[in-house]
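In listed order, ligands and their atoms are each counted from 1. Quick note: numbers below take in every heavy atom, side chains included, and nothing from hydrogens, waters or symmetry partners. Just so you know, residue 1 is the first one in the sequence shown, and it goes up from there.
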Amino acid sequence: DTNAACNLVAAIIANAIKEKPDLVLGLATGRTMEQLYARLAEMHRNDGLDFSRCRTFNLDEYIGLPVEHPGSYRYYMNHHLFNNINIDPANTFLPDGMAADIKAGCAAYEQKIAECGGIDLQLLGIGADGHIGFNEPLSSLCSRTRDKTLDESTIKVNSTLFDNPDEMPRSAITMGVGTILDARSVVLLATGKSKAEIIAKAVEGPVTSMVTASALQFHQKCRIVVDEDAAA
Ligand code: F6R
């Protein structure tokens, strides 16, 4: 069930931190991750899981939302995870959706990941259109961090998280598929019936830029964790 899937991913992350306390951890946002982050915060509180030396890089951020906006991914991460664990805020990185020069900001983000030695473990969710990060259909499978116009289906699903759906930005900065594939290991978490069809395509279908998650079939160390509904 969903609980078991989230606990398994939390255990994978906790083990990785225990093995390498200065882990470089790639993070995702979205509804699926809320329960996982609650579990990680609980493991910090009750079992002393120590994030003090971890560095984190989020997959994506909306363009044009200030960090204090409740719809921004920085706000989401502070609220659901960073404020509830012992991570140093200076070691938490998200793309800068307010950068005056978006292109330069994207290059700087890639540079920062490289400076930290690359991502050890990248956490992913999957969108109904098969996106990982915000790599919407027809994203190049070797793309790097860049700005991306969001798909209509993504706008429809994600705008419900905004008090006023019209406030949802139509573009975002996202790590590229190539950036994600560079991570030394990857774990994708998908739960619920709404993900069953796209999980089947990503895992068993042809590798195609129409379903960017299918590129994970090329990854040497990728785990897909699903509940029974998403595995259906
Ligand atoms: C978010 C992200 C997205 C989500 C995906 C699923 O940082 O990268 O790819 O993982 O849209 O979102 P939920 O979990 O809300 O279904």
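- Between Tyr62 and Tyr73, a ring centre-to-centre spacing shorter than 6.0 Å is recorded.
- When the options Phe57, Phe82, Tyr109 are evaluated for a ring pair (Phe, Tyr, Trp, His ring centres under 6.0 Å) with Phe93, the one that passes is Phe57.
- In this structure, Asn91 and Phe51 have side chains that are not in contact, with every pair of non-hydrogen atoms separated by 4.5 Å or more.
- Proximity of Asn58 to ligand 1, defined as any heavy-atom pair under 4.0 Å, is not found for any part of the residue.
- The aromatic rings of Tyr75 and His79 sit parallel to each other, their planes meeting at less than 30°, with 60° as the upper class boundary.
- Taking atom 10 (O) of ligand 1 as the reference point, the nearest protein heavy-atom neighbour is Gly125 CA, 3.3 Å.
- Counting protein heavy atoms only, atom 3 (C) of ligand 1 is closest to Gly133 O, 3.5 Å.
- Contact between Lys195 and ligand 1 is present, with at least one heavy atom of the residue lying under 4.0 Å from the ligand.
- At under 3.5 Å, a nitrogen or oxygen of His131, whether backbone or side chain, sits near a nitrogen or oxygen of ligand 1.
- At the top of the distance list for atom 15 (O) of ligand 1, counting protein heavy atoms only, stands Arg31 N, 2.9 Å.
- A chain of hydrophobic side-chain contacts below 4.5 Å, direct or via other Ile, Leu, Val, Met, Phe, Trp or Tyr residues, connects Leu94 to Leu150.
- Contacts between Leu59 and ligand 1 below 4.0 angstrom, taking non-hydrogen atoms only, involve the side chain exclusively.
- Of the protein's non-hydrogen atoms, the one nearest atom 6 (C) of ligand 1 is Ile126 O, 3.3 Å.
- Cluster annotation: Leu8 and Leu23 are assigned to the same hydrophobic cluster (Ile/Leu/Val/Met/Phe/Trp/Tyr, side-chain heavy-atom contacts under 4.5 Å, transitive).
- Near Thr32, meaning under 4.0 Å from one of its heavy atoms, ligand 1 places the atoms 13 (P), 14 (O), 16 (O).
- Salt-bridge check for Asp129 with Lys201: failed, with every basic side-chain N at 4.0 Å or more from each acidic carboxylate O.
- Numbered from 1 in the order shown, with element, the atoms of ligand 1 that lie under 4.0 Å from a heavy atom of Gly30 read 14 (O), 15 (O).
- The protein atom (non-hydrogen) at minimum distance from atom 8 (O) of ligand 1 is Asp60 OD2, 2.8 Å.
- Under 4.0 angstrom from ligand 1, the non-hydrogen atoms of Thr29 come from both its backbone and its side chain.
- Side-chain contact, Arg146 with Ser140: no donor N or O sits under 3.5 Å from an acceptor N or O.
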